[in-house]
Amino acid sequence: MENGLIHIYCGDGKGKTTAATGLAIRAAGCGMKILFARFLKNEISGELRILDAVPEIEVLHLKKSFGFYNTLSQEDKRLAGELYGQLWDTIMQKVETGSYDLLVMDEFMAAYNYGLVRHEKALEFFRCKPAGLEVVLTGRNPSAELIEAADYVSEIQKIKHPFDQDIRARRGIEF
């Protein structure tokens with residue numbers, strides 16, 4: 001593609017990761033090369049097995065999962081900052097090669113909002129990203145500057161959710 005655009009899938013509803021995963025599979029089906037990175041997610045989500053099986057999709061797996069940021073100890077927050085800083089650097093090194101058509105950064109908004117990805121670096125990347133690279137960001141509460149940088153912003157709004165009735169996440173549906 002000549003003009004890669006920036007997508008944001010945000011909101012409090014279910015389906016942000018599902019939408020990003022679906023787009024990655026669609027792109028792979030069209031012969032595009034995808035880099036899929038996940039922030040503040042665990043490594044047991046069901047989509048990983050399928051994404052790993054698609055030759056056109058490279059998933060960057062993390063050595064450690066942390067869970068919800070606001071429940072972490074100070075030491076785990078420090079470790080998370082180091083890990084996600086390294087993940088950001090790896091993403092930047094990989095996209096600089098020009099080998100990818102689509103970059104998905106799942107739960108990017110949380111990493112950005114908690115300062116685990118440096119704002120200046122991220123905004124500079126979005127301003128100066130490779131011209132043909134399509135970028136997808138998911139998560140809640142995108143900042144005004146991220147919304148400004150994006151070409152698509154789709155909000156997935158919760159009307160009703162089983163979590164509100166104390167129904168826990170179910171394997172294969174929510175993770």
Side-chain angles (χ1 to χ4, degrees), residues 1-42 45 47-48 51 54 56-62 65-66 68-70 77-157:
M1 287 182 297
E2 286 182 34
N3 295 320
L5 303 177
I6 299 172
H7 307 234
I8 290 178
Y9 303 149
C10 62
D12 63 357
K14 178 193 177 322
K16 298 174 290 291
T17 297
T18 304
T21 300
L23 183 60
I25 290 170
R26 174 183 285 160
C30 292
M32 297 170 85
K33 181 78 173 149
I34 296 93
L35 182 62
F36 203 104
R38 298 156 32 95
F39 293 86
L40 294 166
K41 291 276 192 124
N42 62 42
S45 231
E47 70 270 11
L48 291 175
L51 292 172
V54 178
E56 294 82 5
I57 300 175
E58 178 182 354
V59 178
L60 298 177
H61 290 278
L62 299 174
S65 297
F66 290 95
F68 293 111
Y69 187 79
N70 56 359
K77 286 179 180 178
R78 187 190 64 74
L79 290 172
E82 286 180 16
L83 180 71
Y84 294 120
Q86 292 168 5
L87 177 61
W88 178 261
D89 291 344
T90 299
I91 292 166
M92 294 301 104
Q93 290 167 0
K94 287 185 172 286
V95 299
E96 282 176 7
T97 68
S99 301
Y100 300 94
D101 302 298
L102 172 64
L103 168 62
V104 175
M105 291 191 280
D106 191 25
E107 279 304 334
F108 175 83
M109 254 55 87
Y112 184 87
N113 291 339
Y114 288 126
L116 301 173
V117 171
R118 294 195 42 198
H119 293 195
E120 317 80 54
K121 285 185 175 184
L123 294 171
E124 180 65 18
F125 169 70
F126 298 136
R127 279 191 291 276
C128 302
K129 69 173 189 55
L133 182 67
E134 200 85 3
V135 177
V136 174
L137 311 172
T138 72
R140 294 176 180 224
N141 306 316
S143 67
E145 61 266 13
L146 289 176
I147 290 172
E148 178 65 27
D151 300 290
Y152 293 90
V153 178
S154 298
E155 183 174 15
I156 300 172
Q157 180 183 0

Nearest-0.5 Å distance that lies between atom [atom1] in [X] and atom [atom2] in [Y]:
X: Ile6; Y: Leu133; atom1: CD1; atom2: CG; value: 8.5 Å
X: Cys30; Y: Leu102; atom1: SG; atom2: CG; value: 11.0 Å
X: Leu60; Y: Phe39; atom1: CG; atom2: CZ; value: 9.0 Å
X: His7; Y: Thr138; atom1: NE2; atom2: OG1; value: 13.0 Å
X: Phe36; Y: Leu51; atom1: CZ; atom2: CG; value: 5.0 Å
X: Thr21; Y: Ile25; atom1: OG1; atom2: CD1; value: 6.5 Å

Mind checking whether [X] and [Y] have side chains closer than 4.5 Å, heavy atoms only?
X: Leu123; Y: Leu146; result: yes
X: Trp88; Y: Gln86; result: no
X: Val153; Y: Cys10; result: yes
X: Phe66; Y: Asn42; result: no

Go through the side-chain N and O atoms of Tyr100 and Glu58 and say whether any donor and acceptor fall under 3.5 Å apart. yes

Verify, without hydrogens or angle tests, whether [X] (side chain) and [Y] (backbone) share a donor-acceptor contact under 3.5 angstrom.
X: Lys129; Y: Gly4; value: yes
X: Lys16; Y: Gly11; value: yes
X: Asp151; Y: Leu5; value: no

With the threshold set at 4.0 Å, does a side-chain nitrogen-carboxylate oxygen contact exist between Glu47 and Arg38?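 Yes, this pair counts.
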
Do NZ/NE/NH1/NH2 and the carboxylate oxygens of Lys121 and Glu124 come within less than 4.0 Å?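 Salt bridge absent between Lys121 and Glu124.
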
Side chain to side chain contact (heavy atoms under 4.5 Å, CB included) for Val104 and Leu35? Distances and angles first, verdict last. CA-CA 6 Å; Val104 175; Leu35 182 62; over 6 Å; no

Please lay out, stage by stage, how Tyr152 and Ile8 fare under the test side chain to side chain contact (heavy atoms under 4.5 Å, CB included). CA-CA 6 Å; Tyr152 293 90; Ile8 290 178; over 6 Å; no

With sequence neighbours excluded, tell me which residues meet side-chain contact (heavy atoms from CB on, under 4.5 Å) with Asp12. Arg140, Gln157, Lys158

Shortest non-hydrogen contact from [X] to [Y]?
X: Leu48; Y: Val59; value: CD2-CG1, 3.9 Å
X: Lys94; Y: Thr97; value: O-OG1, 2.6 Å
X: Ala24; Y: Ile57; value: O-CD1, 4.0 Å
X: Ala37; Y: Leu87; value: CB-CD1, 4.4 Å
X: Val117; Y: Ala122; value: CG1-CB, 4.0 Å
X: Leu40; Y: Ala111; value: CD1-N, 3.8 Å

Apply side chain to side chain contact (heavy atoms under 4.5 Å, CB included) to residues Leu23 and Val136 and explain how you reach the verdict. CA-CA 9 Å; Leu23 183 60; Val136 174; 3.6 Å; yes

Count the heavy atoms belonging to other residues, nucleotides or ligands that lie under 6.0 Å from CZ of Arg78, then report whether that count exceeds 12.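 Yes, the 6.0 Å shell around CZ holds more than 12 heavy atoms from other groups.
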
Is the distance between the ring centroids of Phe125 and Phe108 under 6.0 Å?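 No - the distance between ring centres of Phe108 and Phe125 does not fall below the 6.0 Å cut-off.
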
With side-chain hydrogen bond (donor to acceptor under 3.5 Å, both in side chains) as the rule and sequence neighbours excluded, what pairs involving residues 107-116 come up?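 Passing the test, one end in residues 107-116: Tyr112-Glu145.
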
Determine whether Thr17 and Lys41 satisfy the following criterion, side chain to side chain donor-acceptor pair (under 3.5 Å), listing intermediate values before the conclusion. CA-CA 11 Å; Thr17 297; Lys41 291 276 192 124; 2.9 Å; yes

Decide side chain to side chain contact (heavy atoms under 4.5 Å, CB included) for Asn141 and Met109; before the verdict, give the C-alpha distance in whole Å, the side-chain angles of both, and the deciding distance to 0.1 Å. CA-CA 7 Å; Asn141 306 316; Met109 254 55 87; 5.9 Å; no

